[in-house]
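Here is the structure we will look at.
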Amino acid sequence: AQSVTQPDIHITVSEGASLELRCNYSYGATPYLFWYVQSPGQGLQLLLKYFSGDTLVQGIKGFEAEFKRSQSSFNLRKPSVHWSDAAEYFCAVGALDAGNMLTFGGGTRLMVKP
Amino acid sequence: GAGVSQSPSNKVTEKGKDVELRCDPISGHTALYWYRQSLGQGLEFLIYFQGNSAPDKSGLPSDRFSAERTGGSVSTLTIQRTQQEDSAVYLCASSFRGGNHEQYFGPGTRLTVT
């Protein structure tokens with residue numbers, strides 16, 4: 001069975017600083033990987049996804065993520081954080097061989113200091 | 001176009017009552033998923049519908065939970081004899097088809113069992 005670990009429950013960064021959110025996954029085959037963001041009281045919005053090909057993927061709102069098979073990681077990065085990026089971020093792996101239902105990590109809550 | 005919609009947005013019910021939660025997927029999306037988001041368990045998969053195939057119910061936590069999808073579109077998640085541990089946000093998502101297509105999430109229904 002697949003699993004996803006997000007080691008950091010909370011992260012605080014200053015506005016304008018760079019950001020990296022960690023994600024490690026366990027999956028028996030080539031994974032489909034996703035990052036979602038959830039603002040308070042809102043549903044999940046897809047930031048970016050990795051299916052195959054280039055291991056560095058670009059997403060919305062200036063986010064990118066790099067798939068590293070050797071490390072079973074899919075870390076999310078942003079070079080300069082904006083106050084509006086404060087939210088909860090979820091990494092997920094899709095079980096392609098079983099309808100692509102998603103297994104989520106526990107989430108990382110990002111706080112941005114002015 | 002319209003996104004995934006869910007109703008009601010909030011539901012408060014007494015322990016032991018039955019509740020029905022509704023999901024309207026994006027038009028043309030053949031795959032529909034239900035997830036539950038709770039403080040103790042994070043985001044977890046409940047059930048998956050793909051077209052006219054039998055649903056994948058592997059994530060349903062007990063036989064008090066059931067779901068149906070009528071006409072390949074609207075879905076209803078029913079929880080019978082609600083318990084306090086059922087309190088959570090229930091999220092619905094849809095995609096064009098199950099595999100390698102991103103899931104679009106609705107805003108969720110917050111269920112509180114008193």
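This one's a predicted model, so the numbers in the text were calculated from it and none came from an experiment. First the proteins, then the strands, lettered A, B, ... as listed; each starts at 1.
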Heavy atoms from other residues, nucleotides or ligands near CD1 of Ile60(A) exceed 12 (cutoff 6.0 Å) | yes
hydrophobic_cluster_shared for Val57(A) and Val37(A), side chain cutoff 4.5 Å = yes
Most contacts with chain A, counted as non-hydrogen pairs under 4.5 angstrom, among Ser53(B), Ser58(B), Pro107(B) = Pro107(B)
Are Leu77(B) and Ile26(B) joined in one hydrophobic group, where the rule is that I, L, V, M, F, W and Y side chains link up if heavy atoms are under 4.5 Å apart?
-> no
What's the spacing between Phe34(A) CZ and Gln103(B) CD if we round to 0.5 Å?
-> 6.5 Å
Would you kindly confirm whether Phe67(A) and Phe63(A) end up in one hydrophobic cluster when ILVMFWY residues are joined by side chain heavy atoms under 4.5 Å apart?
-> yes
Going hydrophobic residue to hydrophobic residue with side-chain gaps under 4.5 angstrom, can you get from Leu60(B) over to Tyr48(B)?
-> no
Name the region of Gln38(A), side chain, backbone, both or neither, that has any atom closer than 4.5 Å to a heavy atom of chain B.
-> side chain
What part of Gln41(B) is in contact with chain A, defined as an atom under 4.5 angstrom from a non-hydrogen atom: side chain, backbone, both or neither?
-> neither
Contact part of Tyr35(B) toward chain A, heavy-atom cut-off under 4.5 Å: side chain, backbone, both or neither?
-> side chain
Linking I/L/V/M/F/W/Y whenever their side-chain heavy atoms sit closer than 4.5 Å, directly or via other members, would Val89(B) and Val19(B) fall into one cluster?
-> no
Step-by-step side chain to side chain contact (heavy atoms under 4.5 Å, CB included) determination, Phe105(B) to Tyr36(A) | CA-CA 10 Å; Phe105(B) 281 79; Tyr36(A) 283 88; 3.7 Å; yes
Are the side chains of Tyr32(A) and Glu102(B) in touch, meaning some heavy atoms are under 4.5 Å apart?
-> no
Are more than 12 heavy atoms from other residues, nucleotides or ligands located less than 6.0 Å from atom OH of Tyr104(B)?
-> no
Which portion of Leu102(A) sits near chain B, non-hydrogen atoms under 4.5 angstrom | both
Bottom line for Leu43(B): the part with an atom under 4.5 Å from chain A's heavy atoms is both
Report the distance from atom CE of Met101(A) to atom CD of Glu44(B), rounding to the nearest 0.5 Å.
-> 13.5 Å
